[in-house]
Amino acid sequence: SGANDFLGALDSTRKALPIREALLARKPSGVAERSSVAAGYHEVSTIMSALGEWSAALEYAQRETSTFEALLASNPANGRAQRNVGIAYKRLGALLERGGDRQAALVNYRKAVAIDEVRAGANANDGEAHLDLSYGYASIGYTLSMMGDTSGALENYGRALSAREAVAAADPNDVNARGAVARAHLSIGQVLRKAGRGLEAIPQFRQALVMASDFYKANPSNAGAGEKVADIYGALAGTNAELASAATDKAEAARRWGEAREWARKSLDIWVSQREKGRLSATGKGEIDVITRLIATCDLKVNTHAVALAK
């Protein structure tokens with residue numbers, strides 16, 4: 001089973017770690033030795049995360065981060081060392097956030113951003129550095145959103161979007177960059193929707209939809225791409241339903257309920273297709289129920305408003 005595979009990998013890595021650590025103890029200045037130890041810590045942390053052992057995952061992520069920090073301290077100008085520390089900070093931040101310590105998560109995300117800003121500033125054409133920087137901004141944006149700081153979240157997501165758009169513009173064939181741009185628009189839309197600013201959220205969702213749909217059309221067998229499009233359809237449906245509920249004008253409410261229903265149907269079509277192909281995730285199973293209920297609500301509201309408007 002999957003759990004047994006993880007446990008087997010964990011056992012192998014744990015047996016190898018003391019050997020790696022012993023080699024580093026013999027050669028404290030060895031870059032290869034220290035990198036090997038950091039990689040071992042990373043492997044254990046990743047496996048622990050997969051097993052849901054969050055405390056142990058955090059412990060080994062902290063060891064990994066400290067080890068990469070030592071590598072960077074020994075050679076501050078080394079680009080690879082800079083990137084490894086930045087990634088370690090972001091991963092450590094995510095684990096801290098998973099444990100509920102958002103302030104500590106922010107500290108690590110900001111450390112990552114500080115390093116990646118230097119990397120990106122050193123080379124305007126280093127797409128990898130600029131995308132890495134954008135991921136740090138996005139992590140800060142997400143955390144601030146969860147803490148109720150809408151303006152801070154939008155500011156950081158906006159920075160993430162700008163960095164990603166620049167990379168995507170430099171190489172229109174960079175699928176990773178285009179996907180990152182779509183995710184930034186989606187995230188900004190989600191923050192705006194959560195803040196009750198649905199009219200501003202909808203254009204963001206639509207921009208995300210254009211890019212996500214293009215990728216899905218080019219990769220119809222990619223289940224993740226399909227789910228992303230279904231998610232955006234669902235966000236458009238939910239936002240229009242919220243605007244309909246808040247509308248005081250009956251005609252406007254009817255129009256919004258109709259739009260919500262159309263987007264919801266498109267979302268449901270993808271989820272059902274994924275299920276028929278045996279590619280439906282656990283998230284998708286729940287979404288089918290949510291979207292089905294939303295469509296039923298839309299049907300009722302559209303009919304009710306049609307009767308009221310006909311009088």
Side-chain angles (χ1 to χ4, degrees), residues 77-80 82-87 89-91 93-94 109-145 150-195 197 199-236 239 263 266:
N78 185 283
R80 182 179 180 83
Q82 291 172 347
R83 183 167 195 253
N84 284 338
V85 172
I87 292 172
Y89 283 142
K90 285 190 274 276
R91 187 166 183 280
Y109 293 149
R110 285 171 174 149
K111 285 181 179 179
V113 163
I115 288 174
D116 290 335
E117 282 179 338
V118 172
R119 293 174 56 222
N123 186 352
N125 297 317
D126 187 345
E128 182 178 69
H130 285 270
L131 285 181
D132 285 345
L133 175 59
S134 82
Y135 301 144
Y137 286 143
S139 294
I140 293 172
Y142 174 81
T143 303
L144 291 178
S145 175
T150 299
S151 63
L154 290 174
E155 178 184 353
N156 280 279
Y157 273 130
R159 290 173 178 171
L161 176 60
S162 295
R164 295 174 187 185
E165 287 178 330
V167 177
D171 182 2
N173 296 317
D174 189 334
V175 175
N176 185 40
R178 285 180 59 81
V181 170
R183 291 195 303 275
H185 280 300
L186 178 58
S187 296
I188 291 170
Q190 289 167 336
V191 172
L192 290 167
R193 180 186 176 189
K194 182 182 176 185
R197 295 160 61 178
L199 288 174
E200 295 173 75
I202 285 176
Q204 296 292 333
F205 291 144
R206 285 183 176 274
Q207 289 186 73
L209 181 61
V210 171
M211 293 185 171
S213 295
D214 286 346
F215 183 73
Y216 184 40
K217 288 174 184 175
N219 302 272
S221 62
N222 188 313
E227 290 200 3
K228 181 61 68 178
V229 174
D231 281 338
I232 299 171
Y233 283 149
L236 284 162
T239 306
W263 290 119
K266 289 181 178 181

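For clarity, every value in this text was computed on a predicted model and none was experimentally measured.
Looking at Y137, its side chain never comes within 3.5 Å of a backbone N or O of D132 through a donor-acceptor pair. A distance-only check finds no donor-acceptor pair linking the side chain of H130 to the backbone of V167 [under 3.5 Å]. Judged purely by atom type and a 3.5 angstrom limit, D126 uses its side chain to pair as donor or acceptor with the backbone of A129.
Contact between A235 and T239 at its shortest, heavy atoms only, is O-OG1, 2.7 Å. Scanning all heavy atoms of the two residues, the minimum distance from A212 to I232 falls at CB-CD1, 3.7 Å.
For residues 166-180, the pairs satisfying salt bridge (Lys or Arg N to Asp or Glu O under 4.0 Å) are R178-D214, with sequence neighbours left out.
In this structure the side chain of E227 never reaches within 4.5 angstrom of the side chain of Y216, judged on heavy atoms. Taking the side chain as every heavy atom from C-beta outward, I140 and E155 never approach each other to under 4.5 Å. Counting heavy atoms from C-beta on, the side chains of N156 and Y109 never come closer than 4.5 Å.
Enclosure of atom OH in Y135 by more than 12 non-hydrogen atoms of other residues, nucleotides or ligands within 6.0 angstrom is indicated.
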Show me the donor-acceptor pairs, under 3.5 Å and distance only, between side chains in residues 180-191 and residues at least two apart or in other chains.
{"unit_1": "H185", "atom_1": "ND1", "unit_2": "Q204", "atom_2": "OE1", "d": "2.8"}
{"unit_1": "H185", "atom_1": "NE2", "unit_2": "Q207", "atom_2": "OE1", "d": "3.4"}
{"unit_1": "S187", "atom_1": "OG", "unit_2": "R183", "atom_2": "O", "d": "3.0"}

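Applying the side-chain hydrogen bond (donor to acceptor under 3.5 Å, both in side chains) test between D116 and each of K90, R83, Q82 identifies K90 as the sole match.
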